[in-house]
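This structure is a prediction, so every number in the text was calculated from the model and none was measured.
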Amino acid sequence: MIEKKQVVQKEERAVIVGVITKDQTERQVNEFLDELMFLAETAGALAVKRFTQRLAHPDRATFVGKGKLEEIHQYIAGRDISLVIFDDELTGSQIANIEKVLKVKVIDRSDLILDIFARRARTAQARVQVELAQYQYILPRLRGMWSHLERQGGGIGSRGPGETEIETDRRIVKDKIALLRKRLEDIDRQSLTQRQERGEFIRVALVGYTNVGKSTIMNLLSKSEVFAENKLFATLDTTTRKVVFEQTPFLLSDTVGFIRKLPHHLVESFKSTLDEVRESDILIHVVDISHPQYEEQIEVVNRTLQELKAFEKPTILIFNKMDLYEANTFDKWLEPEIKTDILNNLKQHWETKSQGNCVFISALEKRNIEELRKTILDKVSQLYKDRFPYKTEFFY
């Protein structure tokens, strides 16, 4: 059992920190910090101030320079701020050095995401996956991040001659990682059996950046009640429902959302959950078109799909939140003809880019849902015909 210092408390006030380097422009860093503020809010904290610094490369000891660290310290002093969140991964020694100066709790983006996942894990599989990712994240940072480990029975943690405390701590964490991996393998075998028992259904998976409306679309298409919320990572566990369009059945799955700078250990741990993506026949890539950086979010999702070896699957691009896009793009004085031209140009651009495999909808207003249903039905029906050419019926 580990006593962890870096836990975001409800309504905790925080400042966030980003570094502008040759690899990250000022615009990109500000976009990342906007997202970091949303992550903090999802975890229950309130980001009240942001700090940025230009550096050729992050400082090895404190990530930011001494002057910037002192500026942050002066801002915190006398204010009700107990948390500083860095947008990039910190080493254990960097965390220890920064906390020594700032006298408050310090975490990085990865630790914040892990904290959110830990809060939102509901099933046994998700809890084990998150716990495994946490231990893998912690292992190289033990010296700076942990006050102590509680030793529990079975002789684990008892120090042998000449063995240092940190070596003992590492051994305990490695043993815990091995145990969690074994437990996850057992759960994965059960999940594989469940997937194999689904028969010869075409399988469709909803994928996309976090908070783009996948769960809302899942509810619309399957007429089920999947948890949907305007926060990041509302869904961690894969939810699968049987859906029937015009007597044609298929399995529809909602999956965890992707995000920039997703911790590597989290991707590794959740690969078993993302098997639903790898083993699907069709992907529905949901995009929040109202987001200013929606094209970059598309690229993040595509890179993650490539990592999962699922990028080449037949894909339908669903541009969601058209109501918000129009509200953000058009003012009330704009002539209707100009508005129509802008929308037509947008649709033509993406229809060309996706080879006609795209639909523009508003899940909230239930706008264009019938076109979405027809597009999915056409893809599913064609796959059934390709897969079972000698069957006159492919309904199960």
Side-chain angles (χ1 to χ4, degrees), residues 25-35 37-38 41-42 204 206-223 226 228-232 234-235 245-246 252 254 257-260 282-303 305 314-380:
T25 65
E26 183 174 2
R27 181 186 68 84
Q28 287 175 322
V29 169
N30 281 319
E31 289 169 7
F32 294 156
L33 291 181
D34 287 342
E35 193 167 78
M37 290 183 73
F38 199 4
E41 179 186 331
T42 299
V204 181
L206 290 159
V207 299
Y209 208 79
T210 185
N211 201 44
V212 294
K214 296 189 303 299
S215 296
T216 303
I217 292 171
M218 176 80 170
N219 291 337
L220 278 174
L221 297 178
S222 65
K223 298 180 181 177
V226 176
E229 185 182 13
N230 186 32
K231 285 189 176 179
L232 301 179
T235 301
F245 289 169
E246 297 183 12
L252 181 65
D254 186 16
F258 304 141
I259 196 170
R260 287 175 289 203
I282 300 169
L283 299 180
I284 298 178
H285 182 169
V286 183
V287 179
D288 175 4
I289 196 168
S290 71
H291 195 284
Q293 285 80 46
Y294 76 89
E295 292 189 71
E296 292 181 25
Q297 292 185 351
I298 291 173
E299 290 303 313
V300 170
V301 173
N302 287 342
R303 284 197 299 271
L305 291 174
T315 302
I316 304 169
L317 269 175
I318 305 301
F319 292 96
N320 189 28
K321 306 190 184 182
M322 281 297 293
D323 54 319
L324 281 177
Y325 171 81
E326 292 176 9
N328 295 339
T329 306
F330 307 129
D331 60 48
K332 61 182 180 181
W333 296 284
L334 188 67
E335 295 179 11
E337 295 81 7
I338 297 176
K339 175 181 174 180
T340 300
D341 285 344
I342 292 172
L343 290 175
N344 286 339
N345 288 336
L346 176 71
K347 291 175 182 178
Q348 286 173 8
H349 169 76
W350 284 106
E351 281 174 1
T352 301
K353 203 163 186 177
S354 68
Q355 297 180 325
N357 295 307
C358 65
V359 184
F360 293 78
I361 71 167
S362 167
L364 184 65
E365 295 183 349
K366 299 182 180 179
R367 189 197 306 180
N368 225 17
I369 301 303
E370 283 310 309
E371 182 183 345
L372 173 57
R373 289 175 187 269
K374 183 181 182 305
T375 303
I376 296 170
L377 176 60
D378 288 346
K379 285 278 186 189
V380 170

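Interatomic distance, L364 CG to I217 CD1, rounded to the nearest 0.5 Å: 11.0 Å. With values rounded to the nearest 0.5 angstrom, L206 atom CG is found 11.5 Å from I282 atom CD1. With rounding to the nearest 0.5 Å, the separation of CG in L346 from CZ in F360 is 4.5 Å. Here the straight-line distance linking atom CZ of F330 with atom CD1 of I338 works out to 10.0 Å at 0.5 Å rounding. Expressed to the nearest 0.5 Å, how far CG of D288 lies from NZ of K321 amounts to 4.0 Å. With rounding to the nearest 0.5 Å, the separation of CD in E35 from CD in Q293 is 9.0 Å.
Annotation: side chain of R373 is in contact with side chain of E370 (closest heavy-atom distance under 4.5 Å). Residues V300 and R303 form a side-chain contact, since some pair of their non-hydrogen atoms from C-beta on lies under 4.5 Å apart. Residues N302 and E299 form a side-chain contact, since some pair of their non-hydrogen atoms from C-beta on lies under 4.5 Å apart. Taking 4.5 Å as the limit, some side-chain heavy atom of V287 sits within range of a side-chain heavy atom of F319. Put simply, the side chain of N30 reaches to within 4.5 Å of the side chain of E26, judged on heavy atoms. Side-chain contact between N357 and K379 is present, with heavy atoms from C-beta onward closer than 4.5 Å. For the pair I316/I376, a side-chain contact is recorded, criterion being any heavy-atom separation below 4.5 Å from C-beta on. Two residues are said to be in side-chain contact when any heavy atoms from C-beta on lie closer than 4.5 Å; L372 and L221 meet this criterion.
A 6.0 Å sphere centred on CD of E295 holds more than 12 heavy atoms belonging to other residues, nucleotides or ligands.
When all heavy atoms of M218 and L252 are compared, the closest pair comes out as CE-O, 3.3 Å. Between D254 and S215, the shortest heavy-atom distance links the atoms OD2-OG, 2.7 Å. The minimum heavy-atom distance between S354 and L317, with the atom names listed, is CB-CD1, 4.1 Å. Listed here is the closest heavy atom pair of T216 and A363: CG2-CB, 3.9 Å. Minimum heavy-atom separation, G257 to K214: CA-NZ, 3.6 Å.
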Test log, rule side chain to side chain contact (heavy atoms under 4.5 Å, CB included), inputs F245 and K374: CA-CA 8 Å; F245 289 169; K374 183 181 182 305; over 6 Å; no
Intermediate values then yes/no, side chain to side chain contact (heavy atoms under 4.5 Å, CB included), N211 and H291: CA-CA 10 Å; N211 201 44; H291 195 284; over 6 Å; no
Side chain to side chain donor-acceptor pair (under 3.5 Å) assessment of N328 paired with S290: CA-CA 7 Å; N328 295 339; S290 71; 4.7 Å; no
Full working for side chain to side chain contact (heavy atoms under 4.5 Å, CB included) between W350 and I298: CA-CA 12 Å; W350 284 106; I298 291 173; 3.8 Å; yes
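A salt bridge links E296 to R27: one of the charged nitrogens lies within less than 4.0 Å of a carboxylate oxygen.
Checking side-chain atoms of Y209 against main-chain N and O of R260 turns up a donor-acceptor pair under 3.5 Å. Using modelled atom types, one side-chain atom of Q28 and one backbone atom of T25 make a donor-acceptor pair closer than 3.5 Å.
None of I361, I289, V212 except one satisfies the side-chain contact (heavy atoms from CB on, under 4.5 Å) rule with N320; the exception is I361.
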